[in-house]
Amino acid sequence: SILAGGTNLTVTGNNSNQTAQGVVTGAVTDSAVGGNITFRSDNNVTSGALSLVANTGSTTAAVIYDVTSGNKTSAISAGALTIGAGTNASGIDYKLLTSGAPISVGAITVPGTIVLDNTYGATSGPAVSGFITAANAATYATTTTHGINLLGALSGAKGISIRGVTAGTNLQGVAAAGSLLAATGDIDVTGVSMTGTGGNGIVVNNTAALITATTGNISFTGVVTVSNTAINLTSGAVSAPLGSITLNASASSTANYGLYTSGTATLSAKYNVTLTGSTSGNYGISLNAGVTSTAGDILVTANSGASTAYSNASTLSASAGAVTVSAISTSGSGVSQSGLVTAKSAAITGTTNSSSGTAVTLGAVTLVAGGGNLVVTGNNANQTGTGITQTGAITDNVVGGNITFRSNNNINQTGAVTMVSNPGTTAAVLTYDVSTGNSTSSIVAGSLTITGTNTGPIDYNLFAAGAQLIPGAISVP
């Protein structure tokens with residue numbers, strides 16, 4: 001027990017025999033405002049329940065379990081944490097740090113930062129975070145369980161930082177069953193899974209689990225090298241109402257997906273939402289819930305070696321910014337965006353070389369007034385496949401805005417196109433261009449409606465390299 005007016009408790013127990021223990025304690029009561037509790041070992045650490053008073057002082061306090069001088073068998077068993085009633089003027093951080101050993105925690109709530117990290121290591125000198133990666137996990141990481149296992153909700157008032165890695169079969173780099181909540185800081189999660197058919201880099205497997213950074217940013221990085229998914233968000237809403245969201249997923253070998261979101265895992269941020277997903281197996285990115293940026297852009301980059309690179313059955317909405325999608329598939333489809341796209345401007349680009357795939361499949365699009373252009377590019381060098389297929393209404397509310405469909409293959413655009421009248425002097429243009437294809441690269445164009453009174457021109461262009469042109473009803477100023 002640390003008495004009021006005291007300072008820190010530091011317990012260090014080193015035992016190089018990994019079949020024994022490093023530190024074992026009973027219950028700890030810390031009545032020192034702003035005092036730190038540190039357990040440090042090159043072996044296992046097991047503590048009893050911890051009870052701290054509220055931090056009414058001016059400096060951040062911390063609870064630290066540190067076995068980074070050990071190895072992947074040096075584990076932590078942390079006792080329940082209780083923080084007493086009162087107003088916390090400064091934070092209380094909570095940190096569990098290992099060198100490849102798994103970390104498992106229940107629900108945690110602290111008025112500071114939560115740090116859970118089993119990626120520490122070094123070839124010489126002090127261990128550093130991020131040493132264990134996909135390249136060396138087979139040597140240094142746990143093979144028996146998930147890297148980081150979150151059994152309950154985490155609430156870190158000033159942020160959450162998680163780094164987890166596993167080299168075991170059918171295991172997760174980071175497995176979360178509860179919500180992740182940060183009131184004033186960022187949420188940063190990295191997960192690496194190396195082997196087994198059921199392993200995910202990061203998985204949140206609870207549709208009621210919310211991931212919320214109230215004033216900060218959300219960043220997930222997932223890596224899986226054998227199977228399943230780099231980032232699997234079978235979760236509730238993911239939101240950064242005053243920040244940005246960045247999801248970066250990399251899957252290799254026979255992995256199913258780079259990035260996957262369930263129908264309940266909406267992504268919403270004030271600023272940019274950036275999604276990157278790649279796989280040599282199935283989908284690079286598969287989204288089943290809406291993506292929204294209220295004051296920024298949505299940027300999507302996807303690659304697949306064997307299937308559709310990017311698929312989204314729901315909406316993309318950047319009403320104050322741009323939507324940019326770029327997807328490449330070796331043998332499947334490039335872009336499949338069936339949900340409504342809403343933005344000030346949009347650039348959708350898909351590439352494939354598939355006899356059965358389509359470079360770009362696109363649904364309805366709405367361009368917001370005051371924006372720019374819609375450019376859809378779908379290239380498929382295999383002429384038995386398709387370049388662009390578009391259905392659903394295209395509504396262009398941008399005065400003087402251009403709409404362009406470009407391909408080296410067929411364009412089959414059957415959605416009705418509505419363009420706002422052009423009162424300016426510079427021409428707005430609706431263009432279909434398959435001139436980089438050949439005589440089999442044809443164009444089917446949807447009907448065009450122009451609203452209002454035009455004092456400026458709106459041009460209508462169809463370009464082909466000897467192929468048939470089938471325009472819809474046309475009347476342009």
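Here, residue 1 is the first one in the sequence, and each next residue gets the next number.
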Please lay out, stage by stage, how Asp117 and Ser129 fare under the test side chain to side chain donor-acceptor pair (under 3.5 Å).
CA-CA 7 Å; Asp117 190 339; Ser129 176; 2.5 Å; yes
Whether [X] side chain and [Y] backbone form a donor-acceptor pair below 3.5 Å:
{"X": "Thr308", "Y": "Tyr310", "result": "no"}
{"X": "Ser407", "Y": "Gly378", "result": "yes"}
{"X": "Ser441", "Y": "Asn408", "result": "yes"}
{"X": "Asn136", "Y": "Phe131", "result": "yes"}
{"X": "Asp93", "Y": "Thr113", "result": "yes"}
{"X": "Thr225", "Y": "Met194", "result": "yes"}
{"X": "Thr342", "Y": "Thr366", "result": "no"}
{"X": "Ser99", "Y": "Thr68", "result": "yes"}
{"X": "Asn382", "Y": "Thr384", "result": "yes"}
{"X": "Ser193", "Y": "Leu171", "result": "yes"}

Non-hydrogen atoms of [X] and [Y] that approach each other most closely:
{"X": "Leu181", "Y": "Leu210", "value": "CD2-O, 4.0 Å"}
{"X": "Ala302", "Y": "Ala309", "value": "CB-O, 3.3 Å"}
{"X": "Asn118", "Y": "Ile132", "value": "O-CD1, 3.7 Å"}
{"X": "Gly243", "Y": "Ala269", "value": "O-CB, 3.4 Å"}
{"X": "Ile187", "Y": "Thr212", "value": "CD1-O, 3.3 Å"}
{"X": "Asn288", "Y": "Ser286", "value": "ND2-OG, 3.8 Å"}

Under the side chain to side chain donor-acceptor pair (under 3.5 Å) rule, what pairs show up with a residue in residues 145-158, not counting sequence neighbours?
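Non-adjacent pairs meeting side chain to side chain donor-acceptor pair (under 3.5 Å): zero.
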For residues 385-398, which residue pairs pass the side chain to side chain donor-acceptor pair (under 3.5 Å) check, not counting sequence neighbours?
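For residues 385-398, and leaving out neighbouring residues, the side chain to side chain donor-acceptor pair (under 3.5 Å) pairs sorted by first residue read Gln390-Gln413.
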Kindly indicate, with the supporting measurements, whether the criterion side chain to side chain donor-acceptor pair (under 3.5 Å) is fulfilled by Gln337 and Thr361.
CA-CA 6 Å; Gln337 173 64 45; Thr361 299; over 6 Å; no
Leu367 and Lys344: CA distance, side-chain angles, deciding distance, side chain to side chain contact (heavy atoms under 4.5 Å, CB included) verdict:
CA-CA 5 Å; Leu367 293 187; Lys344 281 200 164 183; over 6 Å; no
Within a 6.0 Å radius of atom OH on Tyr460, are there more than 12 heavy atoms belonging to other residues, nucleotides or ligands?
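Atom OH in Tyr460 is packed in, count exceeds 12.
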Are any of the side-chain heavy atoms of [X] and [Y] separated by less than 4.5 Å?
{"X": "Asn312", "Y": "Ser336", "answer": "no"}
{"X": "Ile103", "Y": "Thr98", "answer": "yes"}
{"X": "Tyr94", "Y": "Tyr65", "answer": "yes"}
{"X": "Leu116", "Y": "Leu154", "answer": "yes"}
{"X": "Ile114", "Y": "Ser161", "answer": "no"}
{"X": "Leu81", "Y": "Val110", "answer": "yes"}
{"X": "Leu233", "Y": "Tyr260", "answer": "no"}
{"X": "Leu275", "Y": "Leu259", "answer": "yes"}

Please lay out, stage by stage, how Thr352 and Ile328 fare under the test side chain to side chain contact (heavy atoms under 4.5 Å, CB included).
CA-CA 6 Å; Thr352 187; Ile328 300 173; over 6 Å; no
Evaluate the side chain to side chain donor-acceptor pair (under 3.5 Å) criterion for residues Thr264 and Ser262: first the C-alpha distance (whole Å), next the side-chain angles of each, then the deciding distance (0.1 Å), finally the verdict.
CA-CA 5 Å; Thr264 54; Ser262 69; 3.1 Å; yes
Run Asn380 and Thr358 through side chain to side chain contact (heavy atoms under 4.5 Å, CB included) and show every step you take.
CA-CA 7 Å; Asn380 185 349; Thr358 300; over 6 Å; no
Parallel, tilted or perpendicular: which one describes the rings of Tyr257 and Tyr283, with boundaries at 30° and 60°?
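The rings of Tyr257 and Tyr283 lie parallel, inter-plane angle below 30°.
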In terms of ring plane angle, is the pair Phe405 and Tyr432 parallel, tilted or perpendicular, where the classes change at 30° and 60°?
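Phe405 vs Tyr432 ring planes: parallel.
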Rounded to the nearest 0.5 Å, what's the gap from CD1 on Ile218 to CD1 on Ile211? Could you check?
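These two atoms lie 6.5 Å from each other.
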Could you state the interatomic distance from CD1 (Ile162) to CD1 (Ile160), rounded to the nearest 0.5 Å?
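Here the rounded value is 6.0 Å.
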Examine the side chains of Thr404 and Asn402 and answer whether a donor and an acceptor come within less than 3.5 Å of each other.
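Note: Thr404 and Asn402 side chains miss the donor-acceptor criterion.
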After noting the C-alpha distance and the side-chain angles of Asn438 and Thr440, does the key distance pass the side chain to side chain donor-acceptor pair (under 3.5 Å) rule?
CA-CA 5 Å; Asn438 58 30; Thr440 67; 2.6 Å; yes
